[in-house]
Amino acid sequence: MNNLLKERAKKYNRMSKEPLRIELYLSTSMVFPKKPIHLDALLTYVVAKELFPFDADRGQKEERFVDIPLPLDKITFSKDRWIWKASAAFYQGLNEEITDIWAKRTYSEFSGYKASGIVFPSGVISDEPTKAKGTYVTLEKPTGPANDPASGGFKSYFSHRALKTVEKVIFHAVGNKQEVERLVEQLHGVGKKQAIGYGQIYKREVKPVKEDYSLLQPNGKPARYLPVQDFPDISSKKTASAYRPPYWGINHKEVCFTLPTTFPEWKEVEEKETDSLYANIEDDIFDDFEDE
């Protein structure tokens with residue numbers, strides 16, 4: 001696997017890179033994030049699946065995590081200190097916040113495993129495939145007292161989650177347009193609870209842009225987690241977090257500047273109306289000639 005990582009890293013290093021804007025259009029509401037969602041984290045997930053397709057839980061164990069190459073530019077502070085030039089998620093258009101309710105079951109892993117419609121293969125019960133008798137079959141006995149979800153200490157409860165309905169999610173980065181497009185096409189959702197239909201993506205666009213907003217917003221505020229010691233001139237909200245994937249880990253955790261909110265609105269930069277300015281100047285000149 002080390003060879004695959006090295007080959008992918010060499011391939012990405014050779015690619016040309018430019019400022020990009022990535023837009024993900026959503027068809028469903030998304031679960032409001034408790035922490036900013038970074039583009040480099042999403043792309044790391046996609047590339048890791050390509051490099052380690054048969055090691056699904058690798059990304060959940062920090063001791064097994066290795067730096068995944070990405071088709072993005074990076075800013076380097078020292079040998080072991082660097083961050084990807086990729087922003088966190090912003091939203092734009094159709095902003096509405098609602099609350100949804102989930103029924104949560106406590107400690108269901110200790111309640112034993114039951115299944116219905118089981119057919120045992122030949123050789124288990126008889127020489128022929130045999131359908132299990134009854135409605136449910138206990139395949140695994142509880143490790144302790146059986147959990148009753150209807151009453152008692154293991155009773156199910158309702159959990160509230162904040163949802164946000166938006167038109168699109170926006171990221172900025174400096175990277176290779178074609179490869180970022182290919183990786184983004186493999187993203188089917190953004191945010192939590194995608195398995196039950198939230199945050200579903202129906203259209204993706206990757207556009208070259210003139211300005212680089214991968215690190216800072218147009219107003220000079222952070223567009224992603226930025227280590228405080230490496231950006232001493234910034235004044236913004238601070239938090240303790242990793243500054244590159246995995247963001248839930250502790251290996252690169254330190255005090256970072258962060259966004260004012262976990263999911264801020266992206267406001268377009270107001271461009272100067274140069275055409276109308278020149279037009280006004282020409283009008284003034286012609287007015288002077290007419291006066292003469």
Side-chain angles (χ1 to χ4, degrees), residues 5 8-9 12-13 15 17-22 24 32-48 51 58-91 169-176 179-180 183-184 187 190-192 209 211-267 269:
L5 283 171
R8 185 67 69 97
Y12 285 164
N13 287 336
M15 288 181 172
K17 300 174 179 68
E18 59 184 330
L20 301 172
R21 172 169 167 149
I22 297 91
L24 308 178
F32 194 86
K34 294 182 179 180
K35 291 186 176 182
I37 301 173
H38 285 72
L39 176 67
D40 49 326
L42 299 180
L43 298 185
T44 295
Y45 168 75
V46 176
V47 176
L51 296 176
R58 185 183 187 90
Q60 300 175 4
K61 300 178 180 179
E62 190 172 9
E63 65 274 10
R64 298 182 60 194
F65 187 87
V66 294
D67 288 321
I68 302 296
L70 299 177
L72 302 175
D73 200 359
K74 63 175 68 170
I75 178 170
T76 303
F77 309 110
S78 64
K79 181 179 179 181
D80 298 323
R81 292 180 56 76
W82 53 269
I83 58 175
W84 293 110
K85 299 192 75 172
S87 77
F90 293 77
Y91 76 86
V169 177
I170 295 174
F171 299 94
H172 285 88
V174 177
N176 182 268
E179 183 64 9
V180 170
L183 297 177
V184 168
L187 293 174
V190 61
K192 292 187 175 182
V209 292
E211 301 293 335
D212 175 12
Y213 297 124
S214 60
L215 302 180
L216 298 174
Q217 302 176 52
N219 59 10
K221 295 296 183 181
R224 55 159 296 126
Y225 283 149
L226 299 174
V228 170
Q229 63 174 309
D230 300 309
F231 293 86
D233 299 330
I234 296 178
S235 176
S236 184
K237 181 180 176 182
K238 299 176 183 177
T239 187
S241 175
Y243 51 83
R244 68 173 190 253
Y247 287 96
W248 48 264
I250 61 174
N251 284 345
H252 304 102
K253 189 172 185 177
E254 61 180 67
V255 178
C256 295
F257 288 118
T258 185
L259 294 75
T261 63
T262 59
F263 194 33
E265 181 181 9
W266 181 261
K267 297 182 179 179
V269 183

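Computed from a prediction, not measured in an experiment: that's the story for all the values here.
Partners of R8 by side chain to side chain donor-acceptor pair (under 3.5 Å), not counting sequence neighbours, listed by chain and number: Y12, E50. Looking at residues two or more places apart in sequence or on another chain, you find no ring pair (Phe, Tyr, Trp, His ring centres under 6.0 Å) involving Y45. Qualifying ring pair (Phe, Tyr, Trp, His ring centres under 6.0 Å) partners for Y213, counting only residues two or more places apart in sequence or in other chains: H172, W266. For the side chain to side chain donor-acceptor pair (under 3.5 Å) test, no residue two or more places apart in sequence or in another chain qualifies with Y225. Scored by the side chain to side chain donor-acceptor pair (under 3.5 Å) test, S214 finds D212 as partners (sequence neighbours excluded). The side-chain contact (heavy atoms from CB on, under 4.5 Å) search around P260 returns Q217, not counting sequence neighbours. Considering only residues two or more places apart in sequence or on other chains, L216 meets the side-chain contact (heavy atoms from CB on, under 4.5 Å) condition with L226, I234. In terms of the salt bridge (charged side-chain N to carboxylate O under 4.0 Å, His left out) criterion, residue partners of R244 (sequence neighbours excluded) are, by chain and number, D67. K238 pairs by the side-chain contact (heavy atoms from CB on, under 4.5 Å) definition with V228, V255, F257, not counting sequence neighbours. Under the side-chain contact (heavy atoms from CB on, under 4.5 Å) criterion, L187 pairs with L42, V46, I201, not counting sequence neighbours.
Looking at heavy atoms from C-beta onward, Y247 lies in side-chain contact with H38 at the 4.5 angstrom threshold. Using a 4.5 Å cut-off on side-chain heavy atoms (C-beta onward), L70 and T44 make contact. Here the side chains of L183 and P71 are in contact, with some heavy-atom distance below 4.5 Å. Residues L20 and V180 meet the side-chain proximity criterion, which asks for heavy atoms closer than 4.5 Å. Counting heavy atoms from C-beta on, the side chains of T258 and P36 come closer than 4.5 Å.
When all heavy atoms of S241 and C256 are compared, the pair lying nearest together is O-SG, 3.5 Å. Nearest heavy atoms, P69 versus L5: CD-CD2, 3.7 Å.
A side-chain donor-acceptor contact under 3.5 Å links K17 to the backbone of M15. Side-chain atoms of T262 come within 3.5 Å of backbone N or O of P33 as a donor-acceptor pair. Panel note: side chain S236, backbone K221; no donor-acceptor pair is recorded below 3.5 Å.
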Test side chain to side chain contact (heavy atoms under 4.5 Å, CB included) on N176 and L72 and set out the steps. CA-CA 7 Å; N176 182 268; L72 302 175; over 6 Å; no
Side chain to side chain contact (heavy atoms under 4.5 Å, CB included) assessment of L259 paired with T261: CA-CA 5 Å; L259 294 75; T261 63; 5.8 Å; no
As a quick check of understanding, evaluate side chain to side chain contact (heavy atoms under 4.5 Å, CB included) for I22 and I170, giving each step before the final call. CA-CA 6 Å; I22 297 91; I170 295 174; over 6 Å; no
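Residues in residues 256-266 take part in no salt bridge (Lys or Arg N to Asp or Glu O under 4.0 Å) pair, two or more places apart or across chains. The stretch residues 222-233 participates, sequence neighbours left out, in these salt bridge (Lys or Arg N to Asp or Glu O under 4.0 Å) pairs: D40-R224, R81-D230.
D73 contributes atom CG, which lies 5.5 Å from atom NZ of K85 (distance to the nearest 0.5 angstrom). Here the CD1-NZ distance, from I37 to K192, works out to 9.5 Å after rounding to the nearest 0.5 Å. Separation of atoms CZ (F231) and OH (Y243) is listed at 11.5 Å; rounding is to 0.5 Å. Rounding to the nearest 0.5 Å places OG1 of T76 at 9.5 Å from CD1 of I83. Taking CH2 of W84 as the start and CG of L39 as the end, the distance is 11.0 Å to the nearest 0.5 Å.
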